[in-house]
Amino acid sequence: MSGPLVCENKFRQRVCSGEVLVGTIVSMNSPQAAEILGDIGFDWLFIDAEHGTHDPLAVESLIQATGDRTPCLVRIPVHEETWIEKMLDVGATGIIAPQVNTVVQAKQVVNYAKYPPQGERGVGIARAHRYGAKFEAYLGQANDSLLTVIQIEHKDAVENVRELAAVEGVDALFIGPYDLSTSMGIPGQVHDPTVQEAIAEVLAVCQEAGKVPGIFGIAPDVVSRYVEMGFTLVGVGVDTLFLSQAASQALKGVRS
Ligand code: 3PY
Ligand code: MG
C-alpha cells in the first residue's frame, strides 16, 4: 500500500507564501458532500470536529473521500494530545485549534503537532504514513509540511495577539468572528465596529509578524472584503447552510 503522502502536497508552502486560498466548513458527516466540495474547486476543507459531530473515524472517511486532492485542515474540539495526533495521523494537512487565548495554550498545540525536536508528537503508524509503507518519509517531512493554525476568537486572544503571533511553529492566526463577537458581549454581531476593529488589529499584527492571516465569513461578499483587506487563508460558508439555502430556493421555486 503506497499512495501519495499527505505532506507531499505543498499546501503549507502555498499558505505561507500568501496565496489566497478559499475553504469551506465541513460539518456534515458525509463523505459524498466532502468529495463534492473538493471537486468543485475549494482550495481546502475546514473539517469541523469542534462544533460538528465528527469522531476520528468520520474525519478519516471525509479525508479519504477527497482522495487527498483537497487539503483538509481539521478543527479539533480540545487542545489535547490525542486529538491533535489522531487528526494528523488520519491524514489531515494540519490542525486548527479553537479558542487559543494564551501563549501557554499556543505552545502546547505546537508541541503536540510537531515531532521532536520541535515538539513531542507521538509516533504511530496510520493512514498519514500510508499505514507504514511511507513511515520514514512521512516522519522526515511532517514538521515542515503540516500546518498549525490557532484561532483568535476571544477578546483575551486579541489582547495577547502580539505574543501569540510570536510563537514559533504557529503558521496562521485564523479569526473566528462569531466567537469573538460573543466574547465581547454581542454574539453574532460580527459587523459591529468593535469587532471589526479587533479584526483589523489582528490582521496588522499578522502582517508585521509574518504570520498568515485567516478568517471565516458566511457570505461571499463579506469574505471578499476580508481578502481585499489582506486576509489570505479564508473560509466561506458551511455545508449545511449551502444545502438548506439551495434546497429551500428550489422548493420555493416550484411551490410559487
Ligand atoms: C467563529 O466565527 O467563531 C468561528 O470559529 C468560525 O471559524
Ligand atoms: Mg469559533
Side-chain angles (χ1 to χ4, degrees), residues 15 20-28 33-34 37 42-54 59 62 70-80 83-84 87 92-102 105-106 109 147-161 164 170-203 206 211-227 229-242 244-245:
V15 171
V20 174
L21 295 160
V22 187
T24 189
I25 291 186
V26 175
S27 67
M28 293 194 297
L37 293 170
F42 277 103
D43 297 307
W44 62 285
L45 298 183
F46 180 140
I47 298 184
D48 189 7
E50 183 200 16
H51 292 291
T53 55
H54 309 307
V59 174
L62 293 169
T70 311
C72 294
L73 303 182
V74 180
R75 176 158 67 182
I76 51 176
V78 283
H79 306 156
E80 278 172 8
W83 263 100
I84 294 173
M87 294 304 95
T93 310
I95 50 146
I96 300 176
Q99 299 277 0
V100 176
N101 301 334
T102 67
Q105 289 173 320
V109 168
L147 272 167
T148 305
V149 181
I150 60 168
Q151 279 204 269
I152 305 297
E153 52 179 354
H154 193 282
K155 58 183 173 30
D156 294 350
V158 177
E159 221 160 89
N160 296 331
V161 69
L164 288 166
V170 167
D171 297 301
L173 275 60
F174 194 96
I175 300 175
Y178 288 89
D179 276 317
L180 181 58
S181 65
T182 302
S183 77
M184 293 173 160
I186 46 172
Q189 295 180 43
V190 296
H191 303 299
D192 187 275
T194 52
V195 179
Q196 288 297 316
E197 243 168 65
I199 287 173
E201 186 185 338
V202 174
L203 173 65
C206 283
K211 293 288 161 94
V212 176
I215 194 162
F216 167 80
I218 302 268
D221 57 330
V222 172
V223 177
S224 298
R225 199 167 46 75
Y226 288 143
V227 171
M229 284 170 70
F231 286 95
T232 56
L233 185 67
V234 294
V236 61
V238 182
D239 53 5
T240 47
L241 284 176
F242 291 135
S244 68
Q245 285 162 357

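Values below: every heavy atom of this structure, side chains too, minus hydrogens, waters and symmetry copies. Note that ligands are numbered from 1 as they come in the structure, with each ligand's atoms numbered from 1 the same way.
A donor-acceptor contact shorter than 3.5 Å links the side chain of His54 to the backbone of Val26. Between the Asn160 side chain and the Thr102 main chain, no donor and acceptor come within less than 3.5 Å of each other.
Side-chain N/O atoms of Ser27 and Asp239 include a donor and acceptor closer than 3.5 Å.
Judged as a salt bridge (Lys or Arg N to Asp or Glu O under 4.0 Å), and not counting sequence neighbours, the contacts of Asp171 are Arg12.
Contacts of Tyr178 with ligand 1, taken as heavy-atom pairs under 4.0 Å, involve both backbone and side chain.
Counting only heavy atoms of the protein, atom 3 (O) of ligand 1 lies nearest to Asp179 N, 2.9 Å. Taking atom 4 (C) of ligand 1 as the reference point, the nearest protein heavy-atom neighbour is Gly176 CA, 3.5 Å.
Inter-residue side-chain proximity for Thr232 and Pro213 is flagged as met; some heavy-atom pair is nearer than 4.5 Å. Between His79 and Pro98 there is a side-chain heavy-atom pair separated by less than 4.5 Å.
Cys206 contributes atom SG, which lies 11.0 Å from atom CD of Glu201 (distance to the nearest 0.5 angstrom).
At least one heavy atom of Arg75 sits closer than 4.0 Å to an atom of ligand 1.
Proximity to Phe216 (heavy-atom distance under 4.0 Å) selects the following atoms of ligand 1: 6 (C), 7 (O). In summary, the atoms of ligand 1 found under 4.0 Å from a heavy atom of Gln151, numbered by their order in the structure, are 4 (C), 5 (O), 7 (O).
Residue Glu153 approaches the Mg ion (ligand 2) most closely through its N/O/S atom OE1. Note on Asp179: its N/O/S atom closest to the Mg ion (ligand 2) is OD2.
Distances between N or O atoms of Pro177 and those of ligand 1 include at least one value under 3.5 Å.
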